[in-house]
Amino acid sequence: MVASTEDHGAPIGRRVVLGMLGLGAAGVVGGAPLVRAVGNFLRPLTANDPTGLSDLLPGAGAFRLYTVTSGFPIAPPAYRLVVDGLVDRPLSLSLADLEAMAPVHLVKPFQCVTGWRVPGVHWTGVALGHLLDLAGVAKAGRALRFESFDGVYTESLTLAQARRPDVVVAYRMLGAPLTREHGGPVRLYVAPMYGYKSIKWLQRISVVDRVEPGYWEHYGYAVDAWVGRSNGRSDPPIG
Amino acid sequence: MTAVPAGVPAEAHGPARLARFDRVERLAHWLTALAFLVLVVTGAMLYVPALAAAVGRRALVERAHVDTGLALPLPLVVSLLGSWGRGLRADLRRLNRWSQLDRLWLGRVARGQRPRGLAAGKFNAGQKLNTAFTGGVMVVMLMTGAVMRWSYFWPLSWRTGATFVHDAVALAFTAVALGHVAMALSHPGALRSMFTGEVSRQWAERHAPLWLEEADGASRADGAGFR
């Protein structure tokens, strides 16, 4: 081994690595306010970008498509939404049945517990409270259990939460019929709560006598998932 | 440097070809490159909505991404560990240290000027910066990836930051890696050395003159192989 003329000089390489490690760690710990600041900074850009490419920047406020199974499930050909459990009149509704009911239109953000937030999403659906009225909740009913036809995902709400006017069984989103990737043909949209409450590929709503924590809630997520007031986060609430 | 009389073949004052990368270094480079390629492709399938929708099978893609990420540092680490890693360790020492000339070189290139007259050693400042950045990327991506994958070990809010840092660094890395590939394609001598391990004397005169000087000095001194 010959002594190299390059063994001298400042160890800049090591400093670059350690500096990146430090910045990365700071970004992890202080991430939420940073993500919000970047989102606000990018908004004028993404709002005026017809290509939509700027949506791909981190923090720009676009949807991420999450599933807990191996893909995006396909609705059964004779899709029905079932409302059952502690009800007087169980319902079995086709998409056309839902579309024939009085629609609710909402324009509200979608906030994910992982940090991304999509502002001003158009939603169309049926008020969940309206479906409960149609089915007639029995005296013992206290909460709802939601099931996805992906075969795995479940969610929950109390009856009081379910009857809020900003909780809808949605069949249109972003100005078009709900796509398969976004949970079509029918999903829940719980405006004031983190996105994991807005179960995709909704198939069954059962009235039950107590709250049964849903899929992510078994992994430590809050059952009462109010935006900005749960999960150790401080996002602006969605009222 | 001694003057070389015109018309004398290169062999007369030193070897025509110089060993630049040994087998272990080349293997580590290409295995790391392959892992990075898989990570960028699977990462895009998880990140870009249109791609995610077209590919589907998210659990499988996620598994491939995470496993490849965990395997990413292995070629480097294994190469560094034993006696077989002597060449790699020596090159990393060179890549770590920046001379005054390196700083001037980088400053001039950053201003869009040619670094004429600023002689580089075995590696120029751009190559040193690329190596350090890529090393930093590996550390940061492993750290933020671990926070995302095993999020229940950490405060939930950390995952927001980890996701953001992971995404931002992935974009920056992809840009730098494309630049790295472009530089390799426009410098065939350098690219070939990552396959054959050798560069020509002319290449070294042009791109790594201080290293060539060092090599000639070493082969004069002991006649042995030089790295």
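Since this is a predicted model, take the numbers as computed values, not measurements. Convention: sequence-line order gives letters A, B, ...; per-chain numbering from 1.
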Decide if atom [atom1] of [X] counts as having more than 12 heavy atoms of other residues, nucleotides or ligands within a radius under 6.0 Å.
X      : atom1 : answer
A:Y66  : OH    : yes
B:R89  : CZ    : yes
A:R180 : CZ    : yes
B:W154 : CH2   : no
B:Y152 : OH    : yes

- With a 4.5 angstrom heavy-atom cut-off, which part of A:V113 approaches chain B: side chain, backbone, both or neither?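 Contact with chain B: backbone and side chain both.
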Would you mind checking which part of [X] comes under 4.5 Å of any heavy atom in chain A, side chain (CB onward), backbone (N, CA, C, O), both or neither?
X      : answer
B:R63  : neither
B:L171 : side chain
B:T163 : side chain
B:V169 : neither

Counting heavy-atom pairs under 4.5 Å to chain B, which of [options] comes out on top?
options                      : value
A:V68, A:T114, A:V17         : A:T114
A:L18, A:L23, A:T67          : A:T67
A:G220, A:C112, A:A10, A:A26 : A:A10

- May I ask you to test the A:F72-B:R58 pair for a side-chain heavy-atom distance under 4.5 Å?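 Of all side-chain heavy-atom pairs linking B:R58 with A:F72, none is under 4.5 Å.
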- Under a 4.5 Å cut-off applied to non-hydrogen side-chain atoms, are B:M143 and A:L21 in contact?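 Yes - at least one pair of side-chain heavy atoms lies under 4.5 Å apart.
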- Query: Measuring from B:L106:CG to A:I12:CD1, what's the distance to the nearest 0.5 Å?
  - Reply: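 Answer rounded to 0.5 Å: 10.0 Å.
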- Message: Could you measure the distance from the CE atom of A:M20 to the CE atom of B:M141? Nearest 0.5 Å is fine.
- Response: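 Interatomic distance, A:M20 CE to B:M141 CE, rounded to 0.5 Å: 9.0 Å.
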- Looking at B:L46, B:D167, B:V48, which one forms a side-chain contact (heavy atoms from CB on, under 4.5 Å) with A:R64?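 Option passing the side-chain contact (heavy atoms from CB on, under 4.5 Å) with A:R64: B:D167.
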- Under 4.5 Å, counting heavy-atom pairs only, tell me which of B:V140, B:L60, B:L92 racks up the most with chain A.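 Ranked by contacts with chain A, first place is B:V140.
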- Task: Of all the heavy-atom pairs spanning A:P11 and B:R97, show the shortest one and how long it is.
- Result: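 Reported closest heavy-atom pair: CD-NH1, 3.7 Å.
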- For residues B:F133 and A:V16, report the shortest heavy-atom separation together with the two atoms involved.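 So the minimum-distance heavy-atom pair works out to N-CG1, 4.1 Å.
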